[in-house]
Amino acid sequence: MTVDIMWKKLPIKPIEVSLNKVLRCGQTFRWKNVNNTWSFTTQDRIVLLKQFEDHIQYSWIMLEGQPKDVPHSQLEKETTSFIEDYFNLEVNLESLYKNWIKADLLYKKKKTPFQKFPGIRILRQDPWETLISFICSSNNNVKRISKMCDSLVNEFGEYINEYEGIKYYSFPNFQSLAKPGVESKLRDLGFGYRAKYIYQTALKFLDNEKYPDITIEKLNDLRLQDYETAHDFLLQLTGVGPKVADCICLMALDKHDIVPIDTHVYQIAVRDYKFKGSKTMNKQVYHQIRVFFKEIFGPYAGWAQSVLFTSDLGDLNNGINKVEVIKGEEETIKVENKRGILRTL
DNA sequence: TCTAGACCTGA
DNA sequence: CAGGTCTAG
């Protein structure tokens, strides 16, 4: 059975969103690049994206066996809404970059990463998915995190449909991950000690007796709460420390000013912004650096940080999500790897 | 309260 | 060593 795909256009330039960077810089681990088309699943469809010079083409494939009586125009509207929401398109990135460049040039003599890496924005991802993905990220690398997220949807998600010979599944809900045996299954899949974290966290959402306060509704509601409330809530969950909590705050809960401090960002602060380094990374230093970056870059400091992080990352093409590439058309991103002295935080 | 070590796995 | 967290003392 062949599926008809109708492509639609959104007038967005690469300077506002660079899919190749945004979808591979360690915010999301689940987009696949199949023959130069990006693909992702929501709960009820596969979303497809393709970037061009002055627009992005998008399409979708519905959950298999869906009733056909929903008008095409409505499905299109839903898909557009998802894209606008997921990519935070109401935020004008170009004007943010202008301010960041101005601020950054006070610290840099020549070009800043913002001039070399346009189009990097923070996504507005689903809180539950972001929570589980970033539990996987602890002491881990992008390639393996991507592989783990792929295992997660294939093993525990619901089947959506097929595209280009690949079967797509939705991201599993907490009920699926709280079932008996999930932990050992995750161990078998190579999750290591994170298997326990994920299972325990899912259990807390399931067990309304012991944890009446921990529900998906409350998690989603954190978008409307202040940062401290959100941060404290997340710290209750197993496998979530200050760094992972901040990633979730920034990438799912609309806390645009929060800069997650990891080994990388710490080094950037010391190396490029003359932050007075301390030997150990404790809670106090963590807080100091976050305030430090917020003072430099302002209310969207978390967004700015992702540009710095990506420019420092070097090879973005290291994930497993690149499925197949048309010969000779691969976009190569050349970056000198500036990683200096090492991580003795 | 705060600081070292252990912790899964794969490159 | 990888975008850390948990635990004991």
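What you see below is based on every heavy atom in this structure, not just the backbone, and it leaves out hydrogens, waters and symmetry mates. Here the structure is a predicted model, which is why all the values come from computation and not from measurement. Chain letters run A, B, ... following the sequence lines, proteins first and then strands; every chain starts at 1.
With respect to A:Lys13 and A:Glu94, no salt bridge is recorded, no charged nitrogen being found less than 4.0 Å from a carboxylate O. For the pair A:Asp226 and A:Lys255, the salt-bridge criterion is not met [side-chain N within less than 4.0 Å of a carboxylate O]. Looking at A:Asp213 and A:Lys218, a side-chain N of the basic residue comes within less than 4.0 Å of a carboxylate O on the acidic one, giving a salt bridge.
The interatomic distance linking A:Phe309 (CZ) with C:dG3 (P) rounds to 6 Å, in whole Å. Following rounding to the nearest Å, A:Lys243 (NZ) and C:dC6 (C1') show an atom-to-atom distance of 16 Å. Between the CG atom of A:Asn140 and the C1' atom of B:dA11 there is a distance of 12 Å, rounded to whole Å. Between the CG atom of A:Asp188 and the C1' atom of B:dT9 there is a distance of 14 Å, given to the nearest Å. Rounded to a whole Å, the CD1 atom of A:Ile248 is 13 Å from the C1' atom of C:dT5. Put simply, CG on A:Leu186 is 14 Å from C1' on B:dT9, counting in whole angstrom units. The nearest whole Å value for the distance from the CG atom in A:Asp246 to the C1' atom in C:dT5 is 14 Å. As rounded to whole Å, 18 Å separates atom C1' of C:dG3 from atom CZ of A:Arg24.
Heavy atoms of A:Val265 sit nowhere under 4.0 angstrom from any nucleic acid atom. Contact annotation for A:Gln305: base contact, defined as any heavy-atom pair under 4.0 Å involving a base atom. Within 4.0 Å of A:Pro242, counting heavy atoms only, lie sugar-phosphate atoms of the nucleic acid but no base atom.
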Taking only N/O atoms, report every protein-nucleotides 1-4 of chain B pair under 3.5 Å with atom names and distance.
none

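Between the C1' atoms of B:dT1 and C:dG9, the separation comes to 12 Å (whole Å). Separating the P atom of C:dA8 from that of B:dC8 is a span of 14 Å, rounded to the nearest Å. Taking atom P on both B:dT3 and C:dG3, the two are 25 Å apart, rounded to the nearest angstrom. Here, B:dG10 and C:dC6 have their P atoms 23 Å apart, quoted to the whole Å.
Residues A:Val240 and A:Met251 both approach DNA chain C. Their nearest nucleotides, taken by heavy-atom distance, put A:Met251 toward the 5′ side. Nearest-nucleotide assignment on DNA chain C puts the 5′-proximal partner with A:Phe134, out of A:Gly239 and A:Phe134.
Using a 4.0 Å cutoff on non-hydrogen atoms, the parts of residues 191-198 of chain A near DNA chain C are A:Tyr193, A:Tyr197, ordered by number.
For C:dG4, the OP1/OP2 oxygens have a side-chain nitrogen or oxygen of A:Thr263 closer than 4.0 Å. A:Arg144 has no side-chain polar atom (N or O) that falls below the 4.0 Å cut-off from OP1 or OP2 of B:dA11.
In this structure, A:Trp7 has its ring center at least 6.0 angstrom away from the ring center of A:His55. Taking the six-membered ring for Trp and the full ring otherwise, the centers of A:Phe297 and A:Phe292 sit at least 6.0 Å from each other. Taking the six-membered ring for Trp and the full ring otherwise, A:Phe293 and A:Tyr273 have centroids separated by under 6.0 Å.
Considering only residues two or more places apart in sequence or on other chains, A:Phe82 meets the ring pair (Phe, Tyr, Trp, His ring centres under 6.0 Å) condition with A:Tyr86. Listed by chain and number, the residues in a ring pair (Phe, Tyr, Trp, His ring centres under 6.0 Å) with A:His256 are A:Tyr300, A:Trp303 (sequence neighbours excluded).
For A:Lys185 and A:Phe156, the positive end is not near the middle of the six-membered ring at less than 6.0 Å and at most 45° from its axis. Judged by a 6.0 Å distance limit and a 45° cone about the ring axis, A:Arg121 is not positioned over the six-membered ring of A:Phe87.
Side chains of A:Val47 and A:Tyr58 form no contact here, defined as non-hydrogen atoms less than 4.5 Å apart.
With a cut-off of 3.5 Å on both pairing distances, the Watson-Crick and G-U wobble pairs of DNA chain B assemble into stems of 3 or more at B:2-7 with C:4-9.
Minimum heavy-atom separation, A:Asp272 to A:Lys108: CB-CE, 3.8 Å.
One can find a donor-acceptor pair under 3.5 Å joining the base of B:dC8 and the side-chain atoms of A:Asn139.
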For residues 191-206 of chain A, run the donor-acceptor check on the side chains, cut-off 3.5 Å, and write out each pair with its distance to 0.1 Å, sequence neighbours left out.
residue	atom	partner	partner atom	Å
A:Arg194	NE	A:Cys136	O	3.4
A:Arg194	NE	A:Ser138	O	3.0
A:Arg194	NH1	A:Phe191	O	3.1
A:Arg194	NH2	A:Ser138	O	3.0
A:Arg194	NH2	A:Asn139	O	3.3
A:Thr201	OG1	A:Tyr197	O	3.0
A:Thr201	OG1	A:Thr238	N	3.3
A:Thr201	OG1	A:Thr238	O	2.8
A:Lys204	NZ	A:Gln236	O	2.8
A:Lys204	NZ	A:Thr238	OG1	3.3

